[in-house]
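As the structure is a prediction and not an experimental result, all values here were calculated from the model. Chain letters run A, B, ... following the sequence lines, proteins first, then strands; residues in each count from 1.
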Amino acid sequence: MNAHQIVEAVLFAADAPLTADEIARADESLDEDQVEQAIRYLKAEYDDAERSFQIAEIAEGYQILTRPEFAPYLERFDNVARPSRLSGPALETLAIIAYRQPLGRIEIEYVRGVGAAGVLKTLQDRELIDVVGRGEGLGRPVLYGTTQKFLEHFGLKSLEDLPRPEELPVVLRERTPLGPEEPNADQLSLGGEVSAECGPGDEAPEVVESGVEAHPAPEMEGGERPTE
Amino acid sequence: MNAHQIVEAVLFAADAPLTADEIARADESLDEDQVEQAIRYLKAEYDDAERSFQIAEIAEGYQILTRPEFAPYLERFDNVARPSRLSGPALETLAIIAYRQPLGRIEIEYVRGVGAAGVLKTLQDRELIDVVGRGEGLGRPVLYGTTQKFLEHFGLKSLEDLPRPEELPVVLRERTPLGPEEPNADQLSLGGEVSAECGPGDEAPEVVESGVEAHPAPEMEGGERPTE
Amino acid sequence: MDLTLAEKTAPREGFLLVEIERFQGPLDLLLHLIRTQDIDVFDIPIARITDQFLQAIRGIGARDLDGAGEFLEMAATLIRIKAQMLLPRTAEDEDEDPRAELVRRLLEYELIREVSQRLSAAEADRARRFSKGFNPPRPRRPVAETPLQSTWEEVFEAALGVEMPEPQRQHRVTPHTISMEDKVVLILDSLRETTRVEFSRLLLGFEEKLHGVMTFLAGLELTRRRLLYLRQTKPFAELWIYRREDPGEDEAVEDEAGEESVPAAQAQPVNRAAEGAPEA
């Protein structure tokens with residue numbers, strides 16, 4: 001039995017992305033490096049043979065998925081499960097959480113200007129976000145963060161895949177700043193600060209603290225998914 | 001797009017065996033014969049390349065499955081125990097059950113504002129909760145309570161040990177009936193009635209004997225609400 | 001300052017066609033107004049934007065009472081900023097333009113919108129790739145045997161976070177002063193489940209005379225927005241505030257539900273500051 005065959009069998013039988021480390025558990029003879037080597041080998045094989053599927057890198061792991069070109073054929077089948085799409089409010093709420101995690105409901109509501117309780121429950125039940133801690137304030141509010149499933153749902157390799165705030169074409173920012181003063185660098189100004197100085201064409205100025213935390217270390221080790 | 005690529009994609013993504021006739025529906029250009037031909041082609045390809053999977057002919061049709069030789073690796077993979085944590089919704093649901101038991105799914109969903117079927121299944125699989133009786137209302141809904149294992153795992157001596165400080169939300173501290181203001185007695189306020197006889201420390205009323213009742217088929221759809 | 005609302009929102013001036021349903025909230029609407037008119041976000045003509053904003057949300061009450069509070073809250077913020085802009089600046093104030101916080105919020109919200117569009121695109125891309133549809137069931141180690149790391153502390157933390165669902169969603173309005181917008185919310189809320197309410201009932205629990213004045217003005221404004229009408233059978237009799245149904249709507253359906261249960265007027269507003277929300 002070759003290493004790449006074992007890796008293929010495991011990937012083929014898995015229902016979610018697996019990290020190299022996880023795959024290596026299939027056999028004593030395998031280590032992480034060998035798994036990664038096997039994956040490179042398989043990727044090349046699939047390309048050469050023009051397989052209809054490929055090995056995608058998602059959520060710091062690997063998963064076999066069909067190539068996008070085949071979607072039109074597959075969408076016709078009832079036997080092919082399609083994940084349901086998220087609503088606009090759900091996407092906006094996720095965007096806020098992805099960039100600012102961990103943060104609480106009040107902050108999320110302030111950013112969007114609308115209530116968030118219902119959306120948060122929905123996102124939690126879909127396991128796209130979870131409670132990751134509690135804040136300091138009154139009543140020690142629950143703080144939310146994104147999950148492994150979040151990365152899986154959007155096909156992201158990691159949170160690093162999200163664009164940095166400075167990279168986004170934000171129309172309003174092209175204007176001149178409001179005043180010379182430092183904008184209030186409180187917890188609520190993800191984009192505000194960045195925007196004050198940097199026109200879209202410029203290099204990002206020295207990274208502002210809160211803006212940079214845009215990609216905080218996600219506390220999600222592969223092995224520790226929430227149950228369910 | 002080759003016929004055999006389309007057939008492969010369909011076989012890969014389908015959740016059940018498909019007949020040649022069914023597979024042919026993927027594209028107008030395909031007929032049953034072409035599908036059969038494509039399958040023969042794929043089988044030969046998989047054999048030549050020593051893929052770890054094959055196309056099996058099952059009574060009802062065709063399906064891609066891993067080759068039996070790889071079963072030991074998959075088994076091993078499955079059996080490496082990985083510690084896991086309960087998700088936020090699971091923790092919240094468990095807390096509600098711990099403090100308000102026995103109570104039914106409808107009430108849990110009322111407090112949480114979202115469907116609870118999936119979470120209940122998880123907690124049941126974990127043997128942290130179980131069905132402990134049936135309510136009075138319409139359809140005599142199943143009532144959940146915590147288990148001995150719940151006490152053991154969390155190091156509690158008894159349910160009377162549950163801390164009930166002032167900060168505990170009123171909904172968990174007091175046993176007022178749950179439901180929208182107009183208590184629709186049949187469905188929503190059963191917690192109130194049952195509770196009259198049994199405080200958290202008592203034995204649950206009419207314990208259901210058989211294991212069959214204790215693990216009702218999880219209604220995965222029933223409770224879930226559409227995404228927001 | 002609230003009186004300016006009724007005067008300045010001349011119906012036709014600078015008319016913008018805005019379908020309120022398209023917007024996910026007040027910031028979304030505000031962003032739309034600013035973008036479509038190519039307004040410099042760092043120098044927002046606050047009076048004009050406020051008028052346009054109020055005009056845009058005029059129709060919202062009847063259809064979506066639930067979302068109305070959020071839009072009205074923003075309206076109140078805009079009106080407050082507008083008033084602040086008119087005040088002479090004192091030395092201490094000078095470092096902060098009254099609009100600064102709003103600008104920060106808009107910029108941040110715009111960024112979030114952009115990100116959510118990226119996420120939507122990523123979601124669509126992912127949805128075009130399918131994972132393996134079927135895996136034969138394998139003998140899995142029962143979940144109960146895998147070690148569980150969750151602790152009682154976590155369960156208890158979750159217990160502390162359990163919230164009883166609010167019987168009806170409450171609008172959060174900052175009650176800085178007795179504002180007309182607060183009274184607008186009060187009236188719309190009171191008419192949520194009933195078709196009419198006595199004017200005097202809306203004043204229960206409020207001592208100051210100004211509450212009566214503002215409630216009355218709010219009633220007039222809503223009448224002007226064609227959301228309700230006022231009826232008094234004879235002089236000095238009770239003034240009734242009636243909800244105006246959409247022309248095509250069947251009034252009878254809702255009529256029975258409410259009659260008896262006028263929500264207590266004092267239920268709102270909830271003090272938002274108490275929840276630690278930043279003040280606009």
Task: Over all atoms of both residues, closest heavy-atom pair of A/P89 and C/Q24 - done: N-OE1, 3.5 Å

TODO: Side chain from CB out, backbone as N, CA, C, O: work out which of these in C/L160 comes under 4.5 Å of a heavy atom of chain A, or both, or neither.
DONE: both

TODO: Side chain from CB out, backbone as N, CA, C, O: work out which of these in C/A121 comes under 4.5 Å of a heavy atom of chain A, or both, or neither.
DONE: neither

Task: Test log, rule side-chain contact (heavy atoms from CB on, under 4.5 Å), inputs A/L156 and C/R126 - done: CA-CA 9 Å; A/L156 302 172; C/R126 175 62 188 82; over 6 Å; no

Task: Top contributor to chain A interface from C/A127, C/G161, C/A124 [non-hydrogen pairs under 4.5 Å] - done: C/A124

Open item on the list: Once rounded to the nearest 0.5 Å, what's the spacing between atom CD1 of A/I96 and atom CZ of C/R113?
Closed with: 12.0 Å

TODO: Please confirm whether the backbone N or O of A/L91 pairs with a side-chain atom of C/S116, one donor and one acceptor, at under 3.5 Å?
DONE: no

TODO: Please report the closest heavy-atom contact between A/Y110 and C/L27, naming both atoms and the distance.
DONE: O-CD1, 4.1 Å

Open item on the list: Closer than 4.0 angstrom, basic N to acidic O: yes or no for A/R112 and C/E108?
Closed with: no

Open item on the list: So which atom in C/L119 and which in A/F150 form the shortest heavy-atom distance, rounded to 0.1 Å?
Closed with: CD2-CZ, 4.2 Å

- [ ] Name the region of A/I64, side chain, backbone, both or neither, that has any atom closer than 4.5 Å to a heavy atom of chain C.
- [x] backbone

Open item on the list: To check you understand the geometry: which heavy-atom pair defines the closest contact between C/E70 and A/V114, and what is its length?
Closed with: OE1-CG1, 3.3 Å

- [ ] Please check if the side chain of C/E123 supplies one atom and the backbone of A/L86 the other of a donor-acceptor pair under 3.5 Å.
- [x] yes

- [ ] Check whether A/E92 gets within reach of chain C through its side chain, its backbone, both or neither, counting any heavy atom under 4.5 Å.
- [x] both

Open item on the list: Are A/R85 and C/S120 packed together at the side-chain level, in the sense that at least one heavy-atom pair is separated by less than 4.5 angstrom?
Closed with: yes

TODO: For chain A, find which of C/G25, C/A122, C/G133 contributes the most heavy-atom pairs closer than 4.5 angstrom.
DONE: C/A122

Task: Residue selection (most heavy-atom pairs with chain C, distance under 4.5 Å) from A/R67, A/Q63, A/R134 - done: A/R134

TODO: Could you please spell out the steps behind the side-chain contact (heavy atoms from CB on, under 4.5 Å) verdict for A/F53 and C/K132?
DONE: CA-CA 10 Å; A/F53 43 78; C/K132 185 96 185 328; over 6 Å; no

Task: Side-chain touch A/L65/C/F130, heavy atoms, less than 4.5 angstrom - done: no

Task: Residue C/E154 versus chain A: region with a heavy atom under 4.5 Å - done: neither

- [ ] State, yes or no, whether a side-chain contact exists between A/F70 and C/R129 at a heavy-atom distance under 4.5 Å.
- [x] no

Open item on the list: Return the CZ to CG distance between A/F154 and C/D125, rounded to the nearest 0.5 Å.
Closed with: 11.5 Å

Task: C/R105 side-chain N/O to A/V111 backbone N/O, donor-acceptor pair under 3.5 Å - done: no

- [ ] Specify which of A/P68, A/A14, A/G155 makes the most heavy-atom pairs with chain C at under 4.5 Å.
- [x] A/P68

